[in-house]
Protein chains: 2
Amino acid sequence: MSPTEEPSQSPHYVKSAEKTLAVLLAFTADNPHLTVTEVAAATHLTRAAARRFLLTLTDLGYLSTEGSRFALTPRVLDFGAGFLAGLDLPKIAQPHLNDLALDLDESATLSILDADDIVYIARAAAPRLHAVTVNLGNRLPAWATSMGRMLIAELPETFQQQFLDRVEISPFTDHTVSSAAELGKELKKIRVQGWCLVSQELDDGLRGLAVPVRRGDNTLAALNVSLHTSHLRGLSIENDLVPRLQKVAASIAEDYGGRAE
Amino acid sequence: MSPTEEPSQSPHYVKSAEKTLAVLLAFTADNPHLTVTEVAAATHLTRAAARRFLLTLTDLGYLSTEGSRFALTPRVLDFGAGFLAGLDLPKIAQPHLNDLALDLDESATLSILDADDIVYIARAAAPRLHAVTVNLGNRLPAWATSMGRMLIAELPETFQQQFLDRVEISPFTDHTVSSAAELGKELKKIRVQGWCLVSQELDDGLRGLAVPVRRGDNTLAALNVSLHTSHLRGLSIENDLVPRLQKVAASIAEDYGGRAE
DNA sequence: CACATGTGTACGAAAAGCGTACACCGTGAT
DNA sequence: ATCACGGTGTACGCTTTTCGTACACATGTG
């Protein structure tokens, strides 16, 4: 975000670590099969350096090679698995999400904040959903999503202000908010009412409804259901759905007897 | 596996890369919050070295610190996300899995082989399942699971033999196989019949039924449904379920028009 | 109170990784 | 045919990075 972003903050900085991860992250959805030079270009490493890292990662089993192209192996999932396994919340929430998804016939998702993004930590797909489902670990800009706004709204005022100062609102499809100031007003409203509705939150005719999962004073996560505009069988959002979601959120929080963390 | 496993194979080996990943993997399910010394112990690094890596990873946003303990942040999911996004199969298979899970009221899973483990790459939970669900990226020993056996059985003879030579069968709960020789016989049978049933595949009274997802000559993945022993509404495994699964597997393979890879 | 065990810091020594430079191989244009 | 190009892998002296010991401090337990 900042113009000259040099991440060599701490005096004990292991540059190789950064490079290692950069190489792994060079493999993206649109470009899953990369050559040495492509990786070198993507990571700003020398071709020789990139090659060293690629070979090392291959030896370690995180990359596979096919001809002169490299690709990620399933083993890279281990990192995320370690994180998810350490969290109790997804395990506990899953049955509740399943119920909700089955009952409403809409996808239900649980997410938390990481930097200025939300990250999906648990999800139940709508049974009748015959489309591409967004997967665990997916990352979306907080300001643009119902869960993100809900989570930001739950933050202390100071953090919220800092967020508003640095957020860059790109003209997405959402028509209700187009500036940081507007978003600030929206956040106030959300905080007061305790839930958040975002229309056209991703590009299709989709709406997202989110409520916080609170345990005592702190917010553990945000719970969301997608709402196909066409598919609201006479249910009122404010009178039917919000209470329903809040009840589920409460159940999750209750089941979550674990560490406060 | 081998007694003296020194992974410094290639002459261009970046040791820091290995260390970086080792530090990330030090965080396990039972020990998600670690101190510097704990990490040092787990990774066989000096305390100073461990600290350097921990600080670096914190700077990069992959670790968070709480007092003097470190923990993974959601960002580690990025690595796995990159892999999953690169695969077309999960996206394509998901709706089929959802259908299957909804129809049978049992969990449906898709997995592939990585080394001697299977890794879940897509999954639909049984709607009525109120238990802990196993998540994406989970890793289980191939020999012990229906999908694993199915995938091994699909391998060429030579690979299969190599696998049998090195596999270590621990006395799990499964009663049907207790030695590599028996497993070999079982694999032959599986290969011929084209499906695989494993009883008590994990410790509860659960069975797993798997079929291959084939596209042309090569096997893309294994498809599986769990079978609660109590919960077979008069359906015959061989006459009802196997054909059903095979049909779904065929649909998935058909939808998967993508690259041969 | 001492002792064990945790924490962070510093700095000289050692080694690890760097990246240039070179050789090769296929493809496509000239 | 051959030349230029863009890709590949390899080698090795130089520089930088990383190592890990050693020290100083904090904490809590016997």
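Order of the sequence lines sets the chain letters (A, B, ...), proteins ahead of strands, with each chain counted from 1.
Residue side chain A:Arg47 reaches the base of D:dT8 through a donor-acceptor N/O pair under 3.5 Å, judged by distance alone.
Checking A:Val36 against B:Arg52, the closest nucleotide of DNA chain D that is more toward the 5' end is the one next to A:Val36.
Residue A:Thr46 is in base contact, counting any heavy-atom pair closer than 4.0 Å across all strands shown.
One finds a salt bridge joining B:Asp116 and B:Arg166 here, because a Lys/Arg side-chain nitrogen approaches an Asp/Glu carboxylate oxygen to under 4.0 Å. A salt bridge links B:Glu38 and B:Arg69; the closest N-O separation between the charged side-chain nitrogens and carboxylate oxygens is under 4.0 Å. Under the 4.0 Å criterion applied to side-chain N and carboxylate O atoms, A:Glu254 and A:Arg215 are not assigned as salt-bridge partners.
In terms of phosphate contacts, A:Thr37 brings a side-chain nitrogen or oxygen within less than 4.0 Å of OP1 or OP2 of D:dT8. Between B:Ser16 and C:dA16 there is no side-chain polar atom (N or O) within less than 4.0 angstrom of OP1 or OP2. The side chain of B:Arg51 places no N or O atom within less than 4.0 Å of a non-bridging phosphate oxygen (OP1 or OP2) of C:dT7. Here A:Lys19 does not reach the OP1 or OP2 of C:dG17: none of its side-chain N or O atoms lies under 4.0 Å away.
Listed nucleotides: C:dG17, D:dT18, D:dT8. Nearest to the side chain of A:Ser68: D:dT8. The B:Ala48 side chain lies nearest to D:dG20 when the options are D:dG20, C:dG17, D:dC19.
The distance between atom CZ of B:Phe53 and atom P of C:dA16, rounded to the nearest whole Å, is 12 Å. One atom, CG of A:Leu45, and another, P of C:dT20, lie 13 Å apart when rounded to the nearest Å. Taking atom OH of residue A:Tyr13 and atom C1' of nucleotide C:dA10, one finds them 21 Å apart after rounding to whole Å. Atom NZ of B:Lys15 and atom P of C:dA15 are 10 Å apart (whole Å). Counting to the nearest Å, the P atom of D:dT8 and the CG atom of A:Leu34 are 11 Å from each other. Rounded to whole Å, the distance from CG on B:Leu55 to P on C:dA10 is 13 Å.
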Checklist entry - Where do B:Phe83 and B:Leu87 land on the side chain to side chain contact (heavy atoms under 4.5 Å, CB included) test, with the steps shown first? => result CA-CA 7 Å; B:Phe83 168 75; B:Leu87 284 184; 3.5 Å; yes

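With B:Ile152 as the fixed residue, the side-chain contact (heavy atoms from CB on, under 4.5 Å) test singles out one of B:Gln160, B:Arg191, B:Met147: B:Gln160.
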